[in-house]
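The structure appears right after this line, and notes come after that.
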Amino acid sequence: MPVICVNPSDELDVKLLESLNEQNQDVRVFVSDSTPKEISEQFIGKKATGDLKDDSHISTASSGAYCGVFLESDNESQRTTFLEAIKNSSLKRIIWTSPFEPSEEVTSVSNLVYIFYREKHDALEVILDYEGRDEVKSQIIDLVNK
């Protein structure tokens, strides 16, 4: 099923997208227009580039995708935008990764798996596991206090 990865930004995300492509074969990407060109050119999948502060850009780019992988970076202000984009999308499964504690507003979204990490690379296998499952129940996966 189609998957969109929102906010890939570094070499670890290049590896994530390669693995998602092997697993899924229908990967879409929403990249910040501030992501360095040498990084964004490495991303596999149909690419949309835009403003990560504009939820309508993200929800439009996710049209037709089943699963959305939202990579919250070290900027917690992305939460509001990501939540609005999810509300205005047709996504059926959400995988949200973050270095920040989960908030009730985020975890109240149905069909959402929240991956709380200290080191981003720890979240990659978990993302692939949950993206590939037939069914997913909403839950928080705490990789910080494990």
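Scored by the salt bridge (Lys or Arg N to Asp or Glu O under 4.0 Å) test, Lys137 finds no partners at all (sequence neighbours excluded). Remark: Gln42 engages Glu11 in a side-chain hydrogen bond (donor to acceptor under 3.5 Å, both in side chains) (not counting sequence neighbours). Looking at residues two or more places apart in sequence or on another chain, you find a salt bridge (Lys or Arg N to Asp or Glu O under 4.0 Å) between Arg28 and Asp26.
For Asn145, the CG atom is densely surrounded, since the number of other residues' heavy atoms within 6.0 Å is greater than 12. For Glu105, the CD atom sits in a loose shell: 12 or fewer heavy atoms of surrounding residues, nucleotides or ligands are nearer than 6.0 Å. More than 12 heavy atoms of other residues, nucleotides or ligands lie within 6.0 Å of CD in Gln139, so this atom counts as buried by the packing criterion. Crowding of Lys92 atom NZ: a count of heavy atoms from other residues, nucleotides or ligands under 6.0 Å not exceeding 12.
For the residue pair Asp13 and Asn7, the shortest heavy atom distance occurs at OD2-O, 4.1 Å. Taking each heavy atom of Ile4 and Val29 in turn, the nearest pair found is CG1-N, 4.2 Å. Across every non-hydrogen atom of Gln23 and Glu131, the tightest pair is NE2-OE1, 2.6 Å. Listed here is the closest heavy atom pair of Leu91 and Ala65: CD2-O, 3.5 Å. Nearest heavy atoms, Pro8 versus Leu71: CA-CD1, 3.8 Å. Scanning both residues, Thr97 and Ala123, for their nearest heavy atoms gives CG2-CB, 4.4 Å.
Leu128 and Val14 fall within the same hydrophobic cluster, defined by Ile, Leu, Val, Met, Phe, Trp and Tyr side-chain heavy atoms under 4.5 Å apart, directly or through other members. Transitive grouping of hydrophobic side chains (ILVMFWY, heavy atoms separated by less than 4.5 Å) keeps Phe70 and Ile127 in distinct clusters. Under the 4.5 Å side-chain heavy-atom criterion for Ile, Leu, Val, Met, Phe, Trp and Tyr, Ile44 and Leu16 are members of distinct hydrophobic clusters. Ile140 is connected to Val109 through a chain of hydrophobic side-chain contacts under 4.5 Å among Ile, Leu, Val, Met, Phe, Trp and Tyr, so both are in one cluster. Taken together through direct or relayed side-chain contacts under 4.5 Å among Ile, Leu, Val, Met, Phe, Trp and Tyr, Phe100 and Ile115 form parts of separate hydrophobic clusters.
Looking at heavy atoms from C-beta onward, Val106 lies in side-chain contact with Ser103 at the 4.5 angstrom threshold. With contacts defined as side-chain heavy-atom distances shorter than 4.5 Å, the pair Ile141/Phe116 does not qualify. At least one side-chain heavy atom of Val6 sits less than 4.5 Å from a side-chain heavy atom of Leu52.
Cation-pi check for Arg79 over Phe82 is not met; the charged atom does not lie both under 6.0 angstrom from the ring centroid and within 45 degrees of its normal.
Panel note: side chain Ser62, backbone Ser59; a donor-acceptor pair is recorded below 3.5 Å. Here the side chain of Thr60 pairs no donor or acceptor atom with the backbone of His57 at under 3.5 angstrom. Of the possible polar contacts, none joining the Gln78 side chain to the Lys53 backbone as a donor-acceptor pair under 3.5 Å is found. With hydrogens and angles ignored, the 3.5 Å screen pairs a side-chain donor or acceptor of Ser138 with a backbone N or O of Leu112. No donor-acceptor pair under 3.5 Å is formed between the side chain of Asn21 and the backbone N or O of Leu17.
For the pair Lys15 and Glu18, the salt-bridge criterion is not met [side-chain N within less than 4.0 Å of a carboxylate O]. Salt bridge annotation for Lys120-Asp10: present, with a cationic side-chain nitrogen under 4.0 angstrom from a carboxylate oxygen. Between Arg133 and Asp129 a salt bridge is recorded (basic side-chain N to carboxylate O distance below 4.0 Å).
Residue Ile94 forms a side-chain contact (heavy atoms from CB on, under 4.5 Å) with just one option from Val113, Ile86, Asn111, and that option is Ile86.
Side-chain N/O atoms of Ser98 and Tyr114 include a donor and acceptor closer than 3.5 Å.
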